[in-house]
2 protein chains.
Amino acid sequence: MMFSKACEYGIRAAVYIALQSLDGRRVSVSEIAEEIDSPIAFTAKILQQLNRNNIVHSVKGPTGGFEIDRENMDTVKLSMIVKAIDGDKIYTGCGLGLKECNAQKPCPLHDKFVDIRSNLRTMLISTSLFELATGLEVGLTYLKR
Amino acid sequence: MMFSKACEYGIRAAVYIALQSLDGRRVSVSEIAEEIDSPIAFTAKILQQLNRNNIVHSVKGPTGGFEIDRENMDTVKLSMIVKAIDGDKIYTGCGLGLKECNAQKPCPLHDKFVDIRSNLRTMLISTSLFELATGLEVGLTYLKR
DNA sequence: TATAAATAGGACAAAAATGTCCTTTATTAA
DNA sequence: TTAATAAAGGACATTTTTGTCCTATTTATA
Ligand code: FES
Ligand code: FES
């Protein structure tokens, strides 16, 4: 609805990796896919994107896998993941599908849409991976069901 | 992003029909598609759905076309169009793609997501076609660009 | 009543998103 | 140095969404 499937998997994967990195564990694609209940090969592609965008860090070879350093858990915000995977149409797009959102020639929904989107934007910009992972750690939230 | 293409076209079409109905004009699919800059045959399909859901009224034959009675302009809210075309996954879906949104077993984003979604929901439920059409009438907003 | 104009609807086509498979590359450890 | 393990990445397959085309139905009017 709001995010693409790829983006949903990307966020779930990043949160899982963050959680495990807090324990010093590096995790493989197959473990991630298992734990977030996502298609493994597709998840691998998404992790490649996150790696290229320096959101996660990957290590090849035996004992390799994905990890996120403690610093990144705070600096990486949801907005960065969404941007890496879905681009910024979430910010620049018009709610009614006009070429782009444009306050000079607004669609009928513009004012109300901009309001909602700004809430969303603020939320994404202010939510860190660490924040999402710690809820999991305490067992209050879930990455699959 | 937020709505499907079909839904965007549906809303734009409904607003245009409402605007013309205010002047007592019944409009054809081809005129609608022209005025909202949408693919004509695809728009026709969407209008069929809106007709079946009693959001617009269609009349066959010469002098036929689409119209919306004055009463419906007030009673038809954006939420009804979105529901008719995109279903209610916008309300029931989980932001991170878990089977459904569930406060008992929430995803890490649940609380923040529910907040945003509730704003969106309120906006959709409280915005009528009439409200959107009148902005157009006054020439402040646009359905194409 | 015949014709033409308009929507309804089924079948099909194209494009985009999602998902899979297989080979290559890097790296560890025996 | 070889074998095994893990990510990278290219090519392909499937599914969903978007879009088109053609025929049937309804209806106004000449
Ligand atoms: S112009 Fe449509 S949302 Fe801004
Ligand atoms: S459970 Fe994910 S948004 Fe509610």
Side-chain angles (χ1 to χ4, degrees), chain A residues 1-14 16-17 20 25-34 36-68 82 84-87 89-90 93 96-97, chain B residues 1-14 16-17 20 25-34 36-68 82 84-87 89-90 93 96-97:
Chain A
M1 184 284 274
M2 206 88 99
F3 311 124
S4 68
K5 272 291 166 201
C7 193
E8 292 173 353
Y9 295 147
I11 296 172
R12 304 223 299 272
Y16 180 74
I17 296 168
Q20 296 305 313
R25 295 191 61 236
R26 200 179 269 166
V27 288
S28 68
V29 177
S30 50
E31 176 180 339
I32 295 168
E34 171 71 22
I36 71 173
D37 190 25
S38 66
I40 169 166
F42 193 43
T43 304
K45 298 290 190 201
I46 296 161
L47 287 168
Q48 287 173 32
Q49 289 188 69
L50 295 185
N51 180 53
R52 282 189 225 108
N53 284 272
N54 302 308
I55 287 165
V56 303
H57 175 226
S58 81
V59 178
K60 282 182 169 184
T63 80
F66 293 88
E67 62 192 5
I68 300 181
V82 173
I85 300 177
D86 283 348
K89 57 184 179 320
I90 194 173
L96 294 190
Chain B
M1 184 281 276
M2 206 90 99
F3 311 124
S4 68
K5 272 291 165 201
C7 194
E8 291 174 355
Y9 295 147
I11 296 172
R12 303 223 300 272
Y16 180 73
I17 296 168
Q20 295 306 315
R25 294 190 61 234
R26 199 180 270 165
V27 288
S28 69
V29 176
S30 51
E31 175 178 340
I32 295 168
E34 170 71 23
I36 71 172
D37 190 24
S38 67
I40 169 165
F42 193 42
T43 304
K45 299 287 192 205
I46 297 162
L47 287 168
Q48 286 173 31
Q49 289 188 68
L50 295 184
N51 180 53
R52 281 188 226 108
N53 284 273
N54 300 309
I55 287 166
V56 304
H57 176 225
S58 81
V59 178
K60 283 180 168 184
T63 80
F66 293 88
E67 62 193 5
I68 300 180
V82 173
I85 299 176
D86 283 348
K89 59 183 178 324
I90 195 173
L96 294 189

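So that the names make sense, note that chain A is the first sequence line, chain B the second, and so on, each numbered from 1.
The side chain of A:S28 sits closest to D:dA6 out of D:dA6, C:dA29, C:dC21. Closest contact between the side chain of B:P62 and the listed nucleotides C:dG19, C:dA5, D:dG19 involves C:dA5. Considering only the side chain of A:T63, C:dT28 comes nearest among C:dT28, C:dG9, C:dT20. The side chain of B:S58 has C:dA8 as its nearest neighbour among D:dG10, C:dA8, C:dG19. Across C:dT18, D:dA6, D:dT18, the shortest atom-to-atom separation from the side chain of B:A6 is found for D:dT18.
A:R26 comes within 4.0 angstrom of no nucleic acid atom, judged by non-hydrogen atoms across all strands. Within the nucleic acid shown, B:S4 comes within 4.0 Å of sugar-phosphate atoms alone, with no base atom in reach, counting heavy atoms only.
Look at CZ on A:F42: it is 19 Å from P on D:dC12, rounded to the nearest Å. Taking atom CD1 of A:I17 as the reference point, atom C1' of D:dA6 lies 14 Å away to the nearest angstrom. To the nearest angstrom, C1' of C:dT25 lies 12 Å from CD of A:Q48. Here D:dT17 presents its C1' atom at 11 Å from CG of B:D86, a figure rounded to the nearest Å. Rounded to an integer number of Å, the gap from B:L50 CG to C:dA8 P is 11 Å. Atom CD1 of A:I40 and atom P of C:dC21 are 11 Å apart (whole Å). What separates CD of B:Q49 from C1' of D:dT17 is a distance of 12 Å, to the nearest Å. Following rounding to the nearest Å, A:K60 (NZ) and C:dA29 (P) show an atom-to-atom distance of 17 Å.
Summary of the strand contacts: B:G64 and B:K45 both lie near DNA chain C, and taking for each the nucleotide with the nearest heavy atom, the more 5' one is attributed to B:G64. Between A:P39 and B:V29, the residue anchored nearer the 5' end of DNA chain C, judged by the nucleotide with its closest heavy atom, is B:V29.
Within the 4.5 Å cutoff, the side chain of A:L50 has no heavy atoms near those of the A:I17 side chain.
Between the side chain of A:N53 and the main chain of A:A84, no donor-acceptor pair closer than 3.5 Å is present.
The distance from the CD1 atom of B:I90 to the CE atom of A:M2 is 7.5 Å, given to the nearest 0.5 Å.
Checking the phosphate oxygens (OP1, OP2) of C:dA8, no side-chain nitrogen or oxygen of B:R52 falls inside 4.0 Å. Between A:N51 and D:dA8 there is a side-chain N or O to OP1 or OP2 distance below 4.0 Å. Using a 4.0 Å cut-off, some side-chain N or O of A:Y9 falls inside it from OP1 or OP2 of C:dG19.
For B:T63, the side-chain contact (heavy atoms from CB on, under 4.5 Å) partners are B:R26, not counting sequence neighbours.
The two residues B:D86 and B:S4 make their nearest non-hydrogen contact at OD1-OG, 2.6 Å.
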